[in-house]
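As structure tokens, the structure follows; a few thoughts come after it.
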Amino acid sequence: MRLLILGTAAGGGVPQWNCACAGCAAARSEPSLRRRHASIAVEAGEGRWYVVNATPDIGEQIEACAALHPGPERRATPIAGVILTDAELDHTLGIPRLREASGLRIVSTGAVRAALSGGLRLDRVLAPYAGLSWTTLPEKDLEALDGGPLEVQGIPVSGKRPRYAADLDEPSGDAWVVALRVRDRRDGKVVVYAPALAGWPGALDRALRDADCVFVDGTFWDDEEPVRSGFTEKTSTQMGHLPITGRNGTAERLAALPAERRFYTHLNNTNRLVHADDPGHRRLAETGLEVAREGALIEL
Ligand code: MLT
Ligand code: MN
Ligand code: ZN
């Protein structure tokens with residue numbers, strides 16, 4: 001199985017356009033500290049890739065990865081479609097950026113589709129450009145994706161709706177936020193991608209134990225970070241993101257998993273890990289945990 005890490009930041013990116021915090025200021029003066037919005041690509045066959053979450057940076061993310069460049073025919077693209085873990089704006093605003101396509105395949109839960117169609121009205125807005133074709137992401141078990149070698153499943157991990165979808169009806173029982181599980185039938189390798197975790201349900205734990213590579217919510221270092229930073233009165237957990245350390249921290253559970261690679265991703269600009277020399281990196285590395293690095297190709 002082959003994966004590309006396209007971005008590693010939470011909503012806003014690093015630096016965020018209207019933020020002068022220490023993390024954003026550092027990234028303005030040192031380009032190597034910049035982070036694009038969190039996303040990966042998963043290879044579905046020779047020269048075919050699914051992008052997981054379509055971020056506001058998707059154009060630059062495609063340009064930064066030769067494997068995602070078009071060709072050899074003028075309008076041939078290796079991007080087979082987009083798989084969504086949720087309907088948050090940082091994971092979906094890239095869809096209209098792909099409107100030059102003749103059509104776009106989107107794989108998501110019913111609730112996410114309802115938010116994008118009914119809340120953002122993406123079907124209507126994009127119809128004159130690129131028709132969206134929807135595939136339901138199965139929640140109960142892995143199912144083959146478009147007859148190719150990948151099997152996918154969305155494991156519900158949060159009931160948090162995007163703010164713009166607060167009043168929408170949705171199909172009952174459908175998940176707003178999932179951890180994406182992908183199995184490659186060619187080699188049996190499994191990746192779990194979970195950039196937003198409000199909890200650690202049993203089904204997620206079982207999937208993580210069975211995975212070769214995992215990406216987990218690293219938005220905040222500790223639960224009080226958002227309150228301390230002064231941009232909200234909610235803790236990390238209340239915002240739908242289990243923190244890395246301390247109360248509700250995920251680091252010990254992540255370190256106990258047998259996966260070959262265990263990454264944190266979706267870092268907020270307030271997270272101390274955006275500073276390359278922060279001792280938090282060493283602390284995580286001591287238990288085999290990594291902070292995802294943009295541009296990396298992961299071969300499992
Ligand atoms: C989140 O990760 O909690 C959301 O992306 C927040 C947002 O961007 O509104
Ligand atoms: Mn986010
Ligand atoms: Zn900032």
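For ligands, and for the atoms within them, numbers begin at 1 and follow the listed sequence.
Within the 4.0 Å heavy-atom cutoff, K160 counts among the residues contacting ligand 1. Within the structure, ligand 1 has D90 among the residues with a heavy atom less than 4.0 angstrom away.
At least one N/O/S atom of H266, whether from backbone or side chain, sits less than 2.8 Å from the Mn ion (ligand 2).
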Requested in this report: Report the C-alpha distance between R97 and E60 in whole Å, list the side-chain angles of each, state the deciding distance to 0.1 Å, and finish with yes or no for salt bridge (charged side-chain N to carboxylate O under 4.0 Å, His left out).
Outcome: CA-CA 11 Å; R97 271 202 83 176; E60 292 76 23; 2.9 Å; yes
Requested in this report: Any chance you could lay out the salt bridge (charged side-chain N to carboxylate O under 4.0 Å, His left out) test for K189 and D187, step after step, and finish with the verdict?
Outcome: CA-CA 5 Å; K189 300 283 185 180; D187 54 17; over 6 Å; no
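In D90, the N, O or S atom that comes nearest to the Mn ion (ligand 2) is OD2.
Summary of contacts: the protein heavy atom closest to atom 1 (C) of ligand 1 is H241 NE2, 3.2 Å. Scanning all protein heavy atoms for the shortest distance to atom 4 (C) of ligand 1 gives E88 OE1, 3.5 Å.
Ligand-side atoms of ligand 1 in range of H266: 2 (O), range being under 4.0 angstrom from any heavy atom.
With the Zn ion (ligand 3) as the vertex, SG of C24 and SG of C21 span 110° to the nearest 10°.
Taking the ring centre of W200 as origin, the terminal cationic atom of R253 falls inside the region bounded by 6.0 Å and 45° from the ring axis.
Residue-level proximity to ligand 1 for R163 is carried by the side chain, the only part with a heavy atom below 4.0 angstrom.
A donor-acceptor distance shorter than 3.5 angstrom exists from the side chain of E225 to the backbone of W221, with no hydrogens or angles considered.
Proximity of the aromatic rings of H37 and H91 is defined here by a centroid distance below 6.0 angstrom, and this criterion is not met.
Minimum heavy-atom separation, P15 to R34: CD-CG, 3.8 Å.
Atoms CZ and CD1, from R272 and I244 in turn, are 9.5 Å apart once rounded to the nearest 0.5 Å.
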